[in-house]
Amino acid sequence: MGKALEGVRILDFTHVQSGPTCTQLLAWFGADVIKVEKAGTGDITREQLRDIPGVDSLYFTMLNHNKRSVTLDTKSEQGKQVLEKLIKRCDVLVENFAPGALDRMGFSWERIQALNPRMIVASIKGFGPGPYEDCKVYENVAQCAGGSASTTGFDDGPPLVTGAQIGDSGTGLHLALGIVTALYQRQTSGRGQRVQCAMQDGVLNLCRVKLRDQQRLERNGVMKEYPQYPNGKFGAAVPRAGNASGGGQPGSIVKCKGWETDPNAYLYFITQAPVWKEICKVIGKESWITDPDYATPEARLPRLKEVFAAVEEWTATKTKFEAMDILNQYDIPCGPILSMQEIAHEPSLRKTGTVVEVDHPTRGKYLSVGNPIKLSDSPTDVKRSPLLGEHTEEILAEIGYTRSDIESLKSNKVI
Ligand code: COA
């Protein structure tokens, strides 16, 4: 069985995290991803946050699996000629340069279309058209401008960014879907099209429920599942809700045995209405099953602090895994706070290929996150990231360059 995207050629002009996330996914699905990098230096992340001197960083290796690397000075005349040939040969060009960089290089959308009308040009920028369209943007800027930071954290603290890279990797995921969709439409239209994702938009899409809450707040003045209800104050904008569940089923993080010394001895506990009776029995509060102050979800809303304090009294006597085992017997939704150390060693994640061990010629073995999307007919084999320019000669030969052409490009420092 071949791979889902076999035969699709991607000209990968991405760097840092957002764009590489997208092209790595496409490579995992079988596309031939040709990463074009600046001769000499390459993607800046090759040398960022290095843990071994002189060796490609984990930042780079973990975002560029299954790709081929070609070095090319795309600002030189000879480099532009090579690029033209690659554009004619490939199906998709993906880039996340600063706004205008591709145009400045001489490869506007119009020019690319003229060279290859079937080419899909996919871009990530920080912002869409508007006041900030020319700004350079990194992850946390997008989290702040997309509504995530203002709604993350505790009510009495500052806005918080989150560890999940929703601005970079999140937007990369959005872009990958746009590319595959455009490839699908090309089958009938015969034409390429532009695919654009702004990081602000990607983050906002992931914060959709908070825009829902903004409108509920404007209509009703309060939101009963928020920790500010009933004793705190609501202002004009959606407040930070701490660890309260965003949905209609109240949840919170509670301490487990060992929390005094282990920063991750916690459990997320959801007081799902259908299992309220079971919850009361497990935590030793049988009277709450029929007590009108606790028996219904509506009655519990103003008493959530008290409810979770009682839950915590019980969870604090169990490790997070013991609590999970007991609660799952009654279908009570809950989840342990897993540290990265625990995730790295979790056997089930290794078994499914969600955490993989990869071998690298200069770094040796390292762990990476494999493809979280599993296709039954197109399984993913994670292959190490390329060394800088590892495939330059191979790729130039594929587009018709002879050995002496390649030598001349080398001596002119184009590759
Ligand atoms: N040969 C020659 N020049 C090359 C090249 C190559 N192979 N590849 C890139 N360059 C040039 C670009 O043309 C650009 O030149 P110009 O500024 O003269 O037009 C230059 O390298 C730098 O590119 P730029 O994208 O501006 O890099 P940066 O390091 O200054 O900025 C970002 C990095 C991420 C802030 C910026 O690219 C950006 O805002 N990207 C869009 C949003 C995004 O994806 N952010 C998240 C990143 S995880």
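Remember, it's 1-based here, ligands and their atoms both numbered in the order they're listed. Computation of the quantities below employed the complete heavy-atom set of this structure, encompassing side-chain atoms and omitting hydrogens, waters and symmetry-equivalent molecules.
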* Angle class for the Phe127/Tyr132 ring planes (parallel below 30°, perpendicular above 60°, tilted otherwise)? -> tilted
* Cationic N near anionic O, under 4.0 Å, Arg9 to Asp91 -> no
* Basic-acidic side-chain contact under 4.0 Å: Asp32, Arg68 -> yes
Any pair with a residue in [range] that passes side-chain hydrogen bond (donor to acceptor under 3.5 Å, both in side chains), sequence neighbours left out, goes on the list, sorted by first then second residue, please.
| range | result |
| --- | --- |
| residues 199-213 | His174-Asn205, Asn205-Arg208, Lys210-Tyr226, Asp213-Arg216, Asp213-Tyr226 |
| residues 379-392 | Lys3-Asp381, Thr71-Thr392, Asn371-Thr380, Arg384-Glu390 |
| residues 230-258 | none |

Can you list every pair where an N/O of ligand 1 is under 3.5 Å from an N/O on the protein?
from     : atom 1 : to     : atom 2 : distance (Å)
ligand 1 : 1 (N)  : Leu72  : O      : 3.4
ligand 1 : 1 (N)  : Thr74  : N      : 3.1
ligand 1 : 1 (N)  : Thr74  : OG1    : 3.1
ligand 1 : 7 (N)  : Leu72  : O      : 2.8
ligand 1 : 15 (O) : Lys75  : NZ     : 2.9
ligand 1 : 18 (O) : Lys75  : NZ     : 2.7
ligand 1 : 19 (O) : Arg104 : NE     : 2.8
ligand 1 : 19 (O) : Arg104 : NH2    : 3.2
ligand 1 : 21 (O) : Lys38  : NZ     : 3.1
ligand 1 : 25 (O) : Ala98  : N      : 2.8
ligand 1 : 26 (O) : Lys136 : NZ     : 3.2
ligand 1 : 30 (O) : Lys136 : NZ     : 2.5
ligand 1 : 37 (O) : His15  : NE2    : 3.0
ligand 1 : 37 (O) : Asn96  : O      : 3.3
ligand 1 : 37 (O) : Ala98  : N      : 3.1
ligand 1 : 39 (O) : Val137 : N      : 3.2
ligand 1 : 40 (N) : Asn96  : O      : 2.9
ligand 1 : 40 (N) : Phe97  : O      : 3.4
ligand 1 : 44 (O) : Ser18  : OG     : 2.9
ligand 1 : 44 (O) : Asn96  : ND2    : 2.9
ligand 1 : 45 (N) : Val137 : O      : 2.7

